[in-house]
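Heads up: the structure comes next, in structure tokens.
Note that these values count all heavy atoms, side chains included, but never hydrogens, waters or copies made by symmetry.
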Amino acid sequence: MAVTVALGPLGAVALGTLLLSLLLRWLWDAVVAVARFRATCRQLNRFPLPPWRNWLLGHTGMAGSTEQDLQAVDALVARYSPGCLWWGLPWLPVLRLFHPSTLRPLLSASAFVAPKDEFSYGFLKPWLGEGLLLSGGHRWVRHRRLLNPAFHGDVVRGYTGIFNQSTHVLLAKWGAATAEGPVGLEVLQPLSLLTLDTLQKCIFSHESHCQEKPSEYIQAILELSSLVVRRQLRPLLHPPWLYRLSADGRRFARACATVHGFTARVVQRRRRALAGLGHQDPLEGHQDPLEGHQDLLEGHRGRSLDFIDLLLLAKDEDGNTLSDEDIAAEADTFMFEGHDTTASGLAWLFYNLAGHPEYQERCRQEVRELLAGRDTEDIEWEDLSRLPFTTMCIKESLRLHPPVTAVSRRCTQDVALRDGRVIPKGVMCLMSIYGTHHNPELWPDPEVYNPLRFSPENTKGRSPGSFIPFSAGPRNCIGQSFAMAKMKVVTALTLSRFSLRRDPARPPPRRKPELILRAEDGLWLLLEPLPGGTA
């Protein structure tokens, strides 16, 4: 039976008034949005605009992840040194910035004013959760403060033995492969396994032997990195509900479950172990919290401090600790951020040294002088400051081939530049590390590999914002001392045992900027064992 409801004259008037109010509110919101967008455009018009495809598409499709796209960045930097305006669509402006004068206000801004852009990093969130890379606001501030002790120099010092141990495994494999003479080898993939092996030991005190045999956990991390890149390049897979239904989405979910399950088991097992140690305060009687933690853990468990231990013991000023979910997110973030970036940095360093035998030999002599007369070939923590030229070579390689080519921010308020221009609130800012490192105003002959750029006399007066491989400001890479220490150890041990050369039979590598800077067909080098070297 159909039921009809008569509104009556008063009801009809009330309904009409409601609909009119909703329409007027919608029109008002539209007018405000248009006025705000026009004001934003007026501010953006002060930034130069490179030629675009047309008024509808703007610059859509004119940027990507190929060698040609990096060369296009070089052309933009040469013409628009501080930065330029880029339109993804008629309603999607992006500021591309290439100079300390435009980068500094954003890099120095707090996490509240210049948070990371959610669109650029959102695909990583199901994997990494609310770790330092993806969190913002008060959560980020609290976690950054609690994580700082985990990257203290005294903690990184304790990892030096692990760096040596994992490197020896790789060099033994390369030694076996080159037993009959020089061999062409792809170096990025084994360096990725080296860094993953190192991180598992430093984060979890876990020996996976992933450089020698398959590891389900390691394979899951490698697969997640690959799937994130694939999704970025396929707009149809951007909506979460469509991605979950796709084959890639199902693979991503399975790999996430593997990684999260491993991390959660370690965290829960460690928390139970710490609870069994009693209720004494590990800091009691110690002015240095790291010393107190170390004494507690070594006294009860017979092993050194690792990343999980430090996070389990961390407390803020109110005595609050991190939850298991917080610790797992930070561990997963460290595994992700720490393996690919360092592997990329090392692979491109080896490529650059292979093309400049005079610099390679100077590094080798520096290492030999350091190790002369010793009973061990290991690099000690104190040695890292005694490798000045090797350090210069590492820094120049990070300038020429930065592992992370760009980072993005989306400001929550207008940010004024020194020249009077304003970066409007809500506009995506793509801060090009690659573009800054290749800016001819900052680096003459930017395509030339010249470690002497980082000699003490040549660094005087240089803007710190011109060299930012680990970003800069409050949200700089918390693990940069860890990464630099590991790169120095791996480089020193490798050069003491092998000569690196470029293979003249192979064309120059074509760079591929994805989550990190790769090469399209890998980075191949000729490795030759040195006389008297042991691997």
Residues in side-chain contact (heavy atoms from CB on, under 4.5 Å) contact with [X], at least two apart in sequence or another chain:
X: D316; result: R142, L146, D318, N320
X: R410; result: D117, M428
X: P105; result: V415, L417
X: R244; result: P240, W241

Inset, instruction - Hey, can you tell me if F163 and Y159 have their rings parallel, tilted or perpendicular (30° and 60° cut-offs)? - result: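 It falls in the tilted class, 30° to 60°.
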
Legend entry - All pairs passing salt bridge (Lys or Arg N to Asp or Glu O under 4.0 Å) where residues 334-344 contributes a residue, at least two apart: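 The answer is D340-R518.
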
Inset, instruction - Scan residues 99-110 for pairs that pass salt bridge (Lys or Arg N to Asp or Glu O under 4.0 Å), counting only residues two or more places apart or in two chains. - result: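 For residues 99-110, and leaving out neighbouring residues, there are no salt bridge (Lys or Arg N to Asp or Glu O under 4.0 Å) pairs at all.
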
Please list, one pair per line, the donor and acceptor atoms closer than 3.5 Å that link side chains of residues 218-228 to other protein atoms, with sequence neighbours excluded.
{"unit_1": "E223", "atom_1": "OE2", "unit_2": "R251", "atom_2": "NE", "d": "2.8"}
{"unit_1": "E223", "atom_1": "OE2", "unit_2": "R251", "atom_2": "NH2", "d": "2.8"}
{"unit_1": "S225", "atom_1": "OG", "unit_2": "I221", "atom_2": "O", "d": "3.2"}

Going by heavy atoms in the side chains, are [X] and [Y] under 4.5 Å from each other?
X: L124; Y: T333; answer: no
X: F112; Y: P474; answer: no
X: L500; Y: R364; answer: no
X: V407; Y: K116; answer: no
X: M431; Y: I433; answer: no
X: E330; Y: L132; answer: yes
X: T405; Y: S432; answer: no
X: C202; Y: F482; answer: yes

For the student: nearest non-hydrogen atoms of [X] and [Y], plus distance:
X: N164; Y: D378; result: OD1-CA, 3.3 Å
X: G175; Y: F498; result: N-CZ, 3.5 Å
X: I468; Y: H437; result: N-NE2, 2.9 Å
X: I394; Y: M487; result: CG2-CE, 3.7 Å
X: W127; Y: D332; result: O-OD2, 4.0 Å
X: L442; Y: P100; result: CD1-CD, 3.5 Å

Legend entry - For R453, all residues meeting side chain to side chain donor-acceptor pair (under 3.5 Å), sequence neighbours excluded: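 R453 satisfies side chain to side chain donor-acceptor pair (under 3.5 Å) with E396 only.
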
Legend entry - R271: side chain to side chain donor-acceptor pair (under 3.5 Å) partners, not counting sequence neighbours: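 In terms of side chain to side chain donor-acceptor pair (under 3.5 Å), with neighbours along the sequence ignored, R271 is linked to D324.
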
Legend entry - CD (E216) with more than 12 external heavy atoms under 6.0 Å: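 Check fails, neighbour count at 12 or below.
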
Could you check whether any side-chain N or O of [X] sits under 3.5 Å from a backbone N or O of [Y], counting only pairs where one atom can act as donor and the other as acceptor?
X: T459; Y: P456; answer: yes
X: R270; Y: L312; answer: no
X: R409; Y: C429; answer: no

Looking at the rings of [X] and [Y], which for Trp means the six-membered one, are their centres under 6.0 Å apart?
X: H438; Y: F98; result: no
X: W443; Y: F454; result: yes
X: H206; Y: F262; result: yes
X: F151; Y: F334; result: yes

Inset, instruction - Check whether NZ of the Lys or CZ of the Arg R234 lies under 6.0 Å from the centre of the six-membered ring of Y243 and within 45 degrees of that ring's axis. - result: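 No, a cation-pi geometry is absent between R234 and Y243.
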
Inset, instruction - Could you please spell out the steps behind the side-chain contact (heavy atoms from CB on, under 4.5 Å) verdict for S101 and R418? - result: CA-CA 7 Å; S101 62; R418 287 187 175 182; over 6 Å; no

[X]: partners by salt bridge (charged side-chain N to carboxylate O under 4.0 Å, His left out), with sequence neighbours left out:
X: K425; value: none
X: K201; value: D197, E207
X: D383; value: R374, R386

So how far is it from [X] [atom1] to [Y] [atom2], rounded to the nearest 0.5 Å?
X: L170; Y: L191; atom1: CG; atom2: CG; value: 6.0 Å
X: L188; Y: L525; atom1: CG; atom2: CG; value: 10.5 Å
X: D306; Y: F204; atom1: CG; atom2: CZ; value: 9.0 Å

Legend entry - Verdict with supporting geometry, W86 and L95, side-chain contact (heavy atoms from CB on, under 4.5 Å): CA-CA 6 Å; W86 197 264; L95 284 174; over 6 Å; no

Inset, instruction - Could you walk me through whether I327 and T263 pass the side-chain contact (heavy atoms from CB on, under 4.5 Å) test, one step at a time? - result: CA-CA 9 Å; I327 295 171; T263 308; over 6 Å; no

Inset, instruction - Decide yes or no on side-chain contact (heavy atoms from CB on, under 4.5 Å) for L70 and L517, but give the supporting numbers first. - result: CA-CA 11 Å; L70 280 182; L517 184 61; 3.9 Å; yes

